[in-house]
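Everything below concerns the one structure shown next.
Not measured: the values here are computed from a predicted model. All chains are named by letter (A, B, ...) in the order of the sequence lines, taking the proteins before the strands, and each is independently numbered beginning at 1.
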Protein chains: 2
Amino acid sequence: MSLKHAILGFLSFQPMTGYDLKKAFDHSVQFFWPANQSQIYRTLADLNEEGLVKLEIIAREERLDMKIYHLTIAGQAEFHRWLSTPLPHQDYREAFLIQVYFGGKIGDPETILLLQHMIQDVESALAQLVAMYQIYMEKIEQADARRDLFFNMLTLEYGISSNQAALNWLNSVQDRLKAGSYSPLELKDLTR
Amino acid sequence: MSLKHAILGFLSFQPMTGYDLKKAFDHSVQFFWPANQSQIYRTLADLNEEGLVKLEIIAREERLDMKIYHLTIAGQAEFHRWLSTPLPHQDYREAFLIQVYFGGKIGDPETILLLQHMIQDVESALAQLVAMYQIYMEKIEQADARRDLFFNMLTLEYGISSNQAALNWLNSVQDRLKAGSYSPLELKDLTR
DNA sequence: CTGTCCATGTAAGGCGTTACATGATTGT
DNA sequence: ACAATCATGTAACGCCTTACATGGACAG
């Protein structure tokens with residue numbers, strides 16, 4: 001369960017509330033592991049039952065108690081175990097490719113429209129990732145925690161290069177359809 | 001709901017049983033939309049309730065009836081509607097990137113091990129896709145349904161180039177860690 | 001005679017999403 | 001005065017996974 005371990009990961013930097021965790025997700029791992037609020041609260045309850053986190057309760061009259069979650073020793077151990085254990089192979093789902101797969105069933109103009117939407121999506125995702133990357137670039141210049149930042153940036157590198165690959169492919173498909181050419185690419189152009 | 005529409009897509013070529021559909025998935029869209037058997041049967045039941053498919057029942061004494069699913073007119077219409085409608089943006093989840101993100105918490109040797117496992121996974125996925133691609137390449141040479149095959153191949157192109165991008169990144173990370181260098185890549189090397 | 005293929009499903013559980021619900025504090 | 005932020009959760013639903021269950025036909 002990756003969400004559990006991502007939470008443990010954040011708590012290993014510092015104790016936090018569920019609310020803080022939600023923000024931490026949104027500002028960092030969001031693009032490869034989004035988490036919504038209700039999920040975070042439920043998972044924190046689970047982690048507590050499993051003894052991987054413990055909570056410090058701050059009573060506030062007239063409001064719900066504030067709960068600050070801390071890693072336990074067991075939580076730390078579990079996080080380290082997970083962090084150095086290869087994950088089983090993961091399935092990917094790309095609904096858009098289903099549309100492409102059956103593209104023969106509709107006309108090229110319709111497919112080109114779909115591609116254009118997709119291109120916009122990917123371009124805006126790419127722009128966001130690039131913007132984040134540039135911020136990191138500045139931060140890493142004069143940083144103490146250079147090594148930590150480096151690993152954070154690696155995920156952005158992944159995001160940028162995979163979105164770039166998708167974009168290149170989308171453009172190539174669009175070009176071919178516009179040219180009325182139904183020619184697959186050469187393998188050697190795909191693998192490099 | 002993409003599974004529903006993928007099923008409609010397959011049925012638009014020819015009527016099939018649930019069993020046939022499972023095989024169709026496994027031999028074609030598996031790598032970007034895996035579907036398991038129980039899911040397919042349940043979804044077929046739903047499609048039937050919605051009037052998008054109808055079933056021809058073949059009674060076989062001493063065994064469960066065999067059910068051949070046909071698209072209805074409504075099913076065809078719904079499939080075409082879906083096929084030419086842009087999909088809302090999709091979230092992606094890459095558990096492996098969570099491990100990378102928190103890579104600073106463990107030592108480089110452990111991370112390198114994780115990378116090596118990942119590289120193996122990606123390489124074998126890539127090899128499978130390339131093999132499928134080559135089979136298609138031969139088929140498309142002397143085909144009547146050249147256009148349909150072309151769209152099928154496009155999804156493989158996508159799979160190959162995105163896996164290749166992932167592989168390049170994995171190797172680059174591994175090289176840097178082995179060299180003890182915590183330097184992010186230049187943006188210009190990522191976007192092209 | 002053993003295993004794989006054909007062909008059907010049910011049951012239970014896990015993870016994620018969306019919508020609902022509350023209420024104080026801080027900023028414009 | 002109004003909106004956004006801080007801070008907590010619950011309920012219901014949807015999709016997917018894993019395991020379980022049945023049984024004939026056919027090939028080695």
Using atom types as modelled, flag every donor-acceptor pair under 3.5 Å from a side chain in residues 183-192 of chain B to any protein atom, sequence neighbours excluded.
| unit_1 | atom_1 | unit_2 | atom_2 | d |
| --- | --- | --- | --- | --- |
| B:S183 | OG | B:S181 | OG | 3.4 |
| B:T191 | OG1 | B:L187 | O | 3.2 |

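- Looking at residues 80-102 of chain A, you'll see A:D91, A:R93 sit with a heavy atom under 4.0 Å from some atom of DNA chain D.
- In this structure, A:H5 places its NE2 atom 11 Å from P of C:dC15, rounding to the nearest Å.
- Nearer the 5' end of DNA chain C, as judged by each residue's closest nucleotide, is the contact made by B:S38, out of A:A35 and B:S38.
- A:I135 belongs to no hydrophobic cluster with other residues, because no ILVMFWY side-chain heavy atom falls under 4.5 Å from its own, directly or through intermediates.
- The aromatic rings of A:F79 and B:F102 stand perpendicular to each other, their planes meeting at an angle above 60°, with 30° marking the opposite boundary.
- Against DNA chain D, the stretch residues 42-50 of chain A makes no heavy-atom approach under 4.0 Å.
- Scanning all heavy atoms of the two residues, the minimum distance from B:L149 to B:I140 falls at CD1-CA, 4.0 Å.
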Tell me which donor-acceptor pairs under 3.5 Å the side chains of residues 86-98 of chain A have, and how far apart each pair is, sequence neighbours excluded?
| unit_1 | atom_1 | unit_2 | atom_2 | d |
| --- | --- | --- | --- | --- |
| A:Q90 | OE1 | B:A95 | N | 3.2 |
| A:Q90 | NE2 | B:R93 | O | 2.9 |
| A:Y92 | OH | B:E94 | OE1 | 3.0 |
| A:R93 | NH1 | B:P34 | O | 2.7 |
| A:E94 | OE1 | B:Y92 | OH | 3.0 |
| A:E94 | OE2 | B:Y158 | OH | 3.0 |

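- Nucleotide D:dG14 holds its C1' atom 11 Å from the CD atom of B:Q39, rounded to whole Å.
- Between the side chains of A:R42 and A:S38, no donor-acceptor pair of N or O atoms lies under 3.5 Å.
- Note: CZ (B:F25) to P (D:dT17) measures 12 Å, nearest angstrom.
- Taking atom CD of residue A:Q30 and atom C1' of nucleotide C:dG16, one finds them 14 Å apart after rounding to whole Å.
- A search for salt bridge (Lys or Arg N to Asp or Glu O under 4.0 Å) contacts involving A:E50 returns A:K4, not counting sequence neighbours.
- Between the CE atom of A:M1 and the C1' atom of D:dT17 there is a distance of 15 Å, given to the nearest Å.
- For B:D26, the salt bridge (Lys or Arg N to Asp or Glu O under 4.0 Å) test picks out B:K22, with sequence neighbours left out.
- Judged as a salt bridge (charged side-chain N to carboxylate O under 4.0 Å, His left out), the pairs with a partner in residues 104-120 of chain B (not counting sequence neighbours) are, in order, A:R147-B:D108.
- Residues satisfying the side chain to side chain contact (heavy atoms under 4.5 Å, CB included) criterion with A:T72, sequence neighbours excluded, are A:K54, A:A74.
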N/O to N/O distances under 3.5 Å, protein versus nucleotides 6-8 of chain D:
| unit_1 | atom_1 | unit_2 | atom_2 | d |
| --- | --- | --- | --- | --- |
| D:dC6 | OP2 | A:Y19 | OH | 2.6 |
| D:dC6 | O5' | A:Y19 | OH | 3.4 |
| D:dT8 | OP1 | A:K67 | N | 3.2 |
| D:dT8 | OP1 | A:K67 | O | 3.2 |
| D:dT8 | OP2 | A:G18 | N | 3.2 |
| D:dT8 | OP2 | A:Y19 | N | 2.8 |
| D:dT8 | OP2 | A:Y41 | OH | 2.7 |
| D:dT8 | O5' | A:Y41 | OH | 3.3 |
| D:dT8 | O4 | A:Q37 | NE2 | 2.5 |

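- Using a 4.0 Å cut-off, no side-chain N or O of A:N36 falls inside it from OP1 or OP2 of C:dG16.
- Using the six-membered ring where Trp is involved, A:F32 and B:Y101 have ring planes that are tilted, between 30° and 60° apart.
- Per the geometry, NZ belonging to B:K22 stands 11 Å off P belonging to D:dT18, to the nearest Å.
- With salt bridges taken as basic N to acidic carboxylate O contacts below 4.0 Å, one links A:E157 and B:R176.
- Take B:K67 and apply the salt bridge (Lys or Arg N to Asp or Glu O under 4.0 Å) test, not counting sequence neighbours, and it matches no residue.
- Recorded end-axis angle for the helix from C:dC1-D:dG28 to C:dT28-D:dA1 stands at 40°, based on five pairs per end and rounded to 10 degrees.
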